[in-house]
Amino acid sequence: MTPQYDPATIEPKWQKRWETDGLYNADVDPSRPKHYALTMLPYPSGDLHIGHWYAMTPSDARARYMRMKGYNVMFPMGFDAFGLPAEGAAIKRNIHPKEWTYANIERMRVQLRSMGAMFDWRREAISSDPKYYKWTEWFFIQLFKHGLAYRALAAVDFCPSCNTTLAREQVWGEDRHCERCGTPVVKKHLEQWFFRITDYADELLDFSSLDWPERVKTLQTNWIGRSEGASVVFHTEDGDPMEIFTTRPDTLWGATFMVLAPEHPLVDKVTSDEYREQVEAYKLQASRQSDIEREAVDKEKTGVFTGGYAINPVNKARIPIWIADYVLMTYGTGAIMAVPAHDQRDFEFARKYDLEIIPVIQPEGEPDLDGATMEEAYIGPGVMVNSGPFNGTRVTDAKGRKNPGIAAVIDWLEEQGIGREDVNYRLHDWLISRQRYWGAPIPMIYCQECGWNPVPEDELPVLLPDDVEWRPTGESPLKFHPTWKHTTCPECGKPAERETDTMDTFMCSSWYHLRYLSPDYDQGPFDPKEYDYWMPVDTYTGGIEHATMHLIYTRFFHKAGRDMGIMKGPEPMIQLRNQGMVLGEDSEKMSKSRGNVVAPDELVKRYGADTVRAYLMFFARWDQGGPWDSKGIGGPARWLKRVWALFHETAGEQPAPEGDTAAVERRLRRKVHQTLRSVTRDFEEFQFNTIVSSLMELLNEMQKAREQGAVGTAAWKEALELYLLMLAPVTPHIAEELWAEALGKPYSIHNQSWPQVDEEATREDEIVLIVQVNGKVRDRVTVPADVSEADAKAAALAAEGAQRFMDGQQPRKVIYVPGRLVNIVV
RNA sequence: GCCGAAGUGGCGGAACUGGCAGACGCGCACGACUCAAAAUCGUGUUCCUUCGGGAGUGUGGGUUCGAUUCCCACCUUCGGCACCA
């Protein structure tokens, strides 16, 4: 053992040994409890950055802790290897996306190994491997066969920079930009493939079996955006039905006009000749405006009258039909009933265009509302008025059927056959078509006669051709391949064409946790034996940015798979924890263009992986992250050097023959076991920063105990052993080295059990009681731990500081908190 | 506008169940070692102070013997959604 801590020597040595021994191989073993620890897989961009380390090494420490707790832990790793950057690189540098991707994977595997994580590399899965994407395609076919994948013409978001359509989840922010490249998206009308995720909207709102952060649950709940209400069918004067959705069926009697989205299919039909010109002009203007302009909230509402009229089915009132761009074709039915008295948007519109306002909800104890004089819509509770059979019915603030007014009206609508209880979601079906090359082909064939049919399953995978030209045209490069798309119809055998779009890569990552189970299995997407043992994922870690993308998709995928008889159980990932983000030293997001990127490889070279791991766990709360501080890493670096030095200098020493060490030993054992208790708790709660600080604190105490002659005693030996066991998940290399070289213990520390807290040892003999006078600390007294209340109070009252501040007065009240303090109130 | 999270020393952060605010680390200051520096070790480090003490966890109130912790109102920052009918 060298006197100098030299991570550059010991780290590669142990990494090699662990790997050749298969120390972290996880195999099905029904005799042991399993723990599937999963951390989000990286995209093979070419370099592992500090964010990967921040996500993965604390997750690794937690997985190692669970392993020491006796679980059979699987902690796999792989690559989300399809995707756009590969094509970008291909175009820019004239290198094949496959070559680029696999070269990056090679490089990143080496970098990943340098972390010293307990990855079971036998389970590595790469989503761009044919043996992987064969089953991505297979899943598509199963979804198609079960009616969960369909093709439809829709106005979809298209990124002009990435040259592909995007899912709604991939369009972000007020300016509706592409999640990947930041370019504002445009609308295109295209036929695309969708998954029916909306069929699962309600189930996705049920988080009861999940231990997930509230934040993620809230984000998903808002994203799904469930509204309860009713669908009601109005008719035009000509008898054409127009369905509307409303959350306020109790206000139906106050509907004084209707508004259609400019793109609504009935607009042309209801428009009278007299108004056709202005309607056409308005439609043209609306179509020219971007979504951003149209959806700007503060914009004044505009619209035009169509000349047509509808009949309100509840009271047969004849009401005008308008078109306005504040009604969106993408939500509900693209048509609304307008109740200006009780909806602020309708109110503003009615005032502007001088439309009738009829109050139908009267707030109790207030003067009667008057449509002519109201200054804003009334949206609070009250009693229904001007509402025929419902006059006098109470309306509360509650939504849906919980509101007596709404419940009564819904029942009546259903009786009358006018409408029905209904629910609407903000969530849209998942658009998965991408006009790009480097993705899993959509395994569908179009035949002029038979329509769309899936590729027969025994012909899977549909392989990507290698010889393509990547022209970023907005259409799939596969389309321009001379032969690839030409095939025959699986139904009739006549010439037919393949779908040339590829799948959203979120499709690949929706099931990667299943491919890890058996990455080489060829009878199905996964080996059922592995599935039955390992699933569900027990602990999933990753960034919050996937809350409304990957984390919704994978839940949908699992539930759909369950309904198709492929998967089991309600949810794929039971416990979720999010790490924060490591920012640059300038507190900005790290990026090459800002020049604030921290390169982990250099840090490993300079300090060693253990120090980098420890610093990442220590420098911030894991769930919050924060700016990198290059000076701060010196703390953990010094700490590990001091750990090394202490073990090196004292490991073999025997106790000094003379001197009574009983008190020192007791103090040391107390601190060791108190530390073990808090480290154990912190591992359970993912509080990695306090794990490291507790271990630093214990080292300081051990240093003191050393000076007091503890070295070589039984308590000292126990302290050294427990110290390394607690260190093992955090800094696995130095722990292994000291375990072998300083303590001479048999390989491997990573096969040891997590130690038990000796509660007896943690007990204090004496405690320091705080003495307060009127809530202010005035003194402290040392008393036996099992002091009686009377003795404690007496000691406090006698304390010099207490006497001084009591100023001769009699205590009015003396409060005793056992083990903590005495507060004297005068 | 709606929903959510968070505000603690110069900095990152700690504080279990309402009970010593500032653990641990960075930085800084001083000291030791050194010809000197780095490294290392030691001591100190919330602010004010007449050295008795006083103030202090975004602001203002409340509950309590006692509040970073619970309640009310507000301010700020960050994140999400946003004409969603």
Side-chain angles (χ1 to χ4, degrees), chain A residues 172-174 213-223 225-227 229 244-248 251 255 259 261 294-301 324-328 330-339 343-346 348-349 424-427 544-545 547-548 614-615 618-621 623-639 641-642 645 677-678 681-682 685 687 689-700 703 768-780 804-805 811-826:
Chain A
W172 285 16
E174 244 172 283
E214 282 306 319
R215 203 161 143 222
V216 176
K217 293 193 276 187
T218 306
L219 285 171
Q220 292 203 347
T221 302
N222 291 345
W223 186 260
R226 179 188 159 97
S227 331
I244 58 108
F245 173 76
T246 177
T247 55
R248 294 294 304 275
T251 63
V259 188
R294 246 184 93 168
E295 290 175 12
V297 186
D298 41 7
K299 196 189 75 172
E300 200 182 329
K301 295 181 185 11
D325 63 7
Y326 79 90
V327 174
L328 309 173
T330 49
Y331 186 80
T333 59
I336 63 161
M337 67 165 187
V339 184
D343 180 285
Q344 189 58 26
R345 292 156 303 178
D346 298 344
E348 284 164 23
F349 195 81
N424 238 286
Y425 301 95
R426 216 188 66 91
L427 182 74
I544 189 126
E545 67 273 17
T548 58
Y615 182 54
F618 177 71
F619 91 101
R621 278 184 55 159
D623 57 345
Q624 280 178 2
W628 178 262
D629 175 4
S630 55
K631 286 196 190 114
I633 195 170
R638 269 189 286 277
W639 168 54
K641 274 187 207 166
R642 291 173 60 219
R677 185 161 57 200
S678 61
R681 189 190 64 219
D682 290 345
E685 294 171 7
Q687 304 282 346
N689 55 340
T690 45
I691 290 172
V692 176
S693 57
S694 298
L695 289 171
M696 287 174 168
E697 223 181 311
L698 177 56
L699 184 75
N700 295 343
Q703 204 67 256
V768 176
L769 280 184
I770 302 307
V771 181
Q772 295 184 335
V773 178
N774 290 336
K776 286 191 189 220
V777 180
R778 296 303 185 187
D779 210 336
R780 50 204 70 194
R804 194 146 52 91
F805 284 89
R812 205 152 49 89
K813 203 169 170 189
V814 180
I815 290 144
Y816 173 58
V817 182
R820 299 244 183 222
L821 58 75
V822 178
N823 187 12
I824 302 161
V825 187
V826 295

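Quick note: numbers below take in every heavy atom, side chains included, and nothing from hydrogens, waters or symmetry partners. Here is the naming used below: chain letters follow the sequence lines, and residue numbers restart at 1 for every chain.
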S.K.: Using only side-chain N and O atoms of A:R804, determine if any of them is under 4.0 Å from OP1 or OP2 of B:G52.
M.R.: no
S.K.: I'd like the P distance from B:G19 over to B:C71, given in whole Å.
M.R.: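 Nearest-Å result for B:C71 against B:G19 at atom P: 15 Å.
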S.K.: What does the list of N/O pairs under 3.5 Å between the protein and nucleotides 13-15 of chain B look like, with a distance for each?
M.R.:
unit_1: B:G13; atom_1: O3'; unit_2: A:N689; atom_2: ND2; d: 3.2
unit_1: B:A14; atom_1: OP1; unit_2: A:N689; atom_2: ND2; d: 3.0

S.K.: For residues A:N222 and A:R426, is any side-chain donor paired with an opposing acceptor at under 3.5 Å?
M.R.: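 No.
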S.K.: Using the C1' atoms only, state how far B:G25 lies from B:U59, rounded to an integer number of Å.
M.R.: 31 Å
S.K.: Kindly give the heavy-atom pair with the smallest separation between A:I691 and A:D682, and that separation in Å.
M.R.: CG1-CB, 3.4 Å
S.K.: Hey, could you give me the CZ/CZ distance between A:F805 and A:R778, rounded to the nearest 0.5 Å?
M.R.: 4.0 Å
S.K.: For the CD atom of A:E685 and the OG atom of A:S678, what is their distance to the nearest 0.5 Å?
M.R.: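 Between atom CD of A:E685 and atom OG of A:S678 there are 11.0 Å.
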S.K.: Between B:G53, B:C81, B:A85, spot the one nearest the side chain of A:Y331, thanks.
M.R.: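 Out of B:G53, B:C81, B:A85, the nucleotide with an atom closest to A:Y331's side chain is B:A85.
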S.K.: Taking the side chain of A:R780 as its heavy atoms from C-beta onward, which of B:C81, B:C20, B:G54 lies nearest to it?
M.R.: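 So the nucleotide nearest the side chain must be B:C20.
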S.K.: Applying a 4.0 Å non-hydrogen cut-off, can you work out what A:Q772 is touching in the nucleic acid: base, sugar-phosphate, or nothing?
M.R.: base
S.K.: Looking at every non-hydrogen atom in both residues, tell me the closest pair between A:V327 and A:A335 and how far apart they are.
M.R.: CG1-N, 4.1 Å
S.K.: Grab the CD1-P distance between A:I244 and B:C84 for me, whole Å please.
M.R.: 15 Å
S.K.: Given B:A85, B:C83, B:G53, which nucleotide is nearest the side-chain atoms of A:K301?
M.R.: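 Nearest to the side-chain atoms of A:K301, counting from C-beta on, is B:C83.
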S.K.: Using a 3.5 Å distance criterion without hydrogens, assess whether the side chain of A:D343 forms a donor-acceptor pair with backbone atoms of A:A338.
M.R.: no
S.K.: What's the verdict on side-chain contact (heavy atoms from CB on, under 4.5 Å) for A:V773 and A:R804, showing C-alpha distance, side-chain angles and the deciding distance?
M.R.: CA-CA 10 Å; A:V773 178; A:R804 194 146 52 91; over 6 Å; no
S.K.: Can you give me the closest heavy-atom contact between A:D346 and A:V339, atom names plus distance?
M.R.: OD2-N, 3.0 Å
S.K.: Counting heavy atoms from C-beta on, name the nucleotide in B:G25, B:C20, B:G19 closest to the side chain of A:I815.
M.R.: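 Minimum distance to the A:I815 side chain belongs to B:G19.
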S.K.: Donor-acceptor pair under 3.5 Å: do we get one between A:N823's side chain and the base of B:C65?
M.R.: yes
S.K.: Measure CZ/A:R426 against P/B:G80 and give the value in whole Å, please.
M.R.: 13 Å
S.K.: Measure all distances between protein nitrogen or oxygen atoms and nitrogen or oxygen atoms of nucleotides 37-39 of chain B, and list the pairs falling under 3.5 Å.
M.R.:
none

S.K.: Given the C1' atoms of B:A67 and B:G44, what is the spacing between them in whole Å?
M.R.: 31 Å
S.K.: Looking at CD1 of A:I244 and OG1 of A:T333, how far apart are the two atoms once the value is rounded to the nearest 0.5 Å?
M.R.: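 Taking CD1 in A:I244 and OG1 in A:T333, the distance rounds to 7.0 Å.
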S.K.: Distance check, P atoms only: B:G27 and B:A21, in whole angstrom units.
M.R.: 28 Å
S.K.: To the nearest Å, how far apart are A:R345 CZ and B:G1 P?
M.R.: 16 Å
S.K.: Between A:D629 and A:K631, is there a side-chain N and carboxylate O pair less than 4.0 Å apart?
M.R.: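 Answer for the salt bridge query: no.
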S.K.: Which one, B:C83, B:C65, B:C26, comes nearest to the side chain of A:V825?
M.R.: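 Output: B:C65.
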S.K.: Tell me, with the steps shown, if A:Y615 and A:W639 meet ring-ring contact (aromatic ring centres under 6.0 Å, His included).
M.R.: CA-CA 10 Å; A:Y615 182 54; A:W639 168 54; over 10 Å; no
S.K.: Counting only side-chain N and O atoms of A:K631, is one of them less than 4.0 Å from OP1 or OP2 of B:G27?
M.R.: no
S.K.: Between A:R812 and A:V826, is a side-chain contact (heavy atoms from CB on, under 4.5 Å) present by the stated rule, with each step listed?
M.R.: CA-CA 5 Å; A:R812 205 152 49 89; A:V826 295; 5.8 Å; no
S.K.: Looking at B:G25, B:G54, B:C20, which one has an atom nearest to any side-chain atom of A:I770?
M.R.: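 Among B:G25, B:G54, B:C20, the one nearest the side chain of A:I770 is B:C20.
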S.K.: Does atom CZ of A:R677 have more than 12 heavy-atom neighbours from other groups under 6.0 Å away?
M.R.: yes
S.K.: Quick check for you: to the nearest 0.5 Å, what is the distance between A:Q220 atom CD and A:T548 atom OG1?
M.R.: 8.0 Å
S.K.: Could you give the CG-to-P distance, from A:L427 to B:C81, as a whole number of Å?
M.R.: 13 Å
S.K.: For B:G25, take OP1 and OP2 only and decide whether either is under 4.0 Å from a side-chain N or O of A:N700.
M.R.: yes
S.K.: Counting distance only, does the side-chain N/O of A:N823 pair as donor-acceptor with the main-chain N or O of A:G775 below 3.5 Å?
M.R.: yes
S.K.: Looking only at side-chain atoms of A:E697, point me to the closest of B:G4, B:G80, B:A23.
M.R.: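 Of the options given, the side chain of A:E697 lies nearest B:A23.
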S.K.: Roughly how many Å apart are B:G7 and B:G12, using the C1' atom of each and rounding to a whole number?
M.R.: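 So the two C1' atoms sit 15 Å from each other.
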S.K.: Distance check needed: B:G18 P versus A:R820 CZ, whole Å only.
M.R.: 11 Å
S.K.: I want to check one thing: is the phosphate of B:A85, taken as OP1 and OP2, less than 4.0 Å away from some side-chain N or O of A:S227?
M.R.: yes
S.K.: For RNA chain B, what is the dot-bracket line, given that a base pair needs Watson-Crick (N1 to N3, plus N6-O4 or O6-N4) or G-U wobble (N1-O2 and O6-N3) geometry with both distances under 3.5 Å, and | means paired with another strand?
M.R.: (((((((..(((......[....)))((((((.......))))))(((....)))..(((((..]....))))))))))))....
S.K.: Could you tell me how far B:G56 sits from B:A73 if I compare only their P atoms? Round to whole Å.
M.R.: 24 Å
S.K.: By the 4.0 Å heavy-atom rule, please label A:W639 as base, sugar-phosphate, or nothing.
M.R.: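 A:W639: no heavy atom of the nucleic acid under 4.0 Å.
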S.K.: Regarding A:R677, tell me which of base, sugar-phosphate or nothing describes its non-hydrogen contacts under 4.0 Å with the strands shown.
M.R.: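 The residue A:R677 makes no contact with any strand.
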S.K.: When you measure from the side-chain N and O atoms of A:K776 to the phosphate of B:A55, is any distance below 4.0 Å, counting only OP1 and OP2?
M.R.: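 So the side chain of A:K776 is within the cut-off, an N or O lying under 4.0 Å from OP1 or OP2 of B:A55.
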S.K.: In whole Å, what is the span from the CZ atom of A:R812 to the P atom of B:G66?
M.R.: 10 Å
S.K.: For B:G9, measure the glycosidic angle (O4'-C1'-N9-C4 for a purine, O4'-C1'-N1-C2 for a pyrimidine) and name it syn if it falls within 90° of 0, otherwise anti.
M.R.: syn
S.K.: Students often get this wrong, so: under 4.0 angstrom with heavy atoms, is A:F805 touching a base, only sugar-phosphate, or nothing?
M.R.: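 Here A:F805 touches the backbone only, sparing every base.
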S.K.: Whole Å only: how far is the CG atom of A:N222 from the P atom of B:G1?
M.R.: 17 Å
S.K.: Taking the side chain of A:D629 as heavy atoms from C-beta outward, which of B:G66, B:C83, B:C26 is closest to it?
M.R.: B:C26
S.K.: Nearest heavy atom decides the nucleotide; on that basis, is A:G634 or A:E214 closer to the 5' end of RNA chain B?
M.R.: A:E214
S.K.: If you find the nucleotide of RNA chain B closest to A:T218 and the one closest to A:G332, which residue's nucleotide is nearer the 5' end?
M.R.: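 Of the two residues, A:T218 wins.
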S.K.: Just the rounded figure in Å: distance from P of B:G79 to CH2 of A:W172.
M.R.: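 Those two atoms, CH2 and P, are 11 Å apart.
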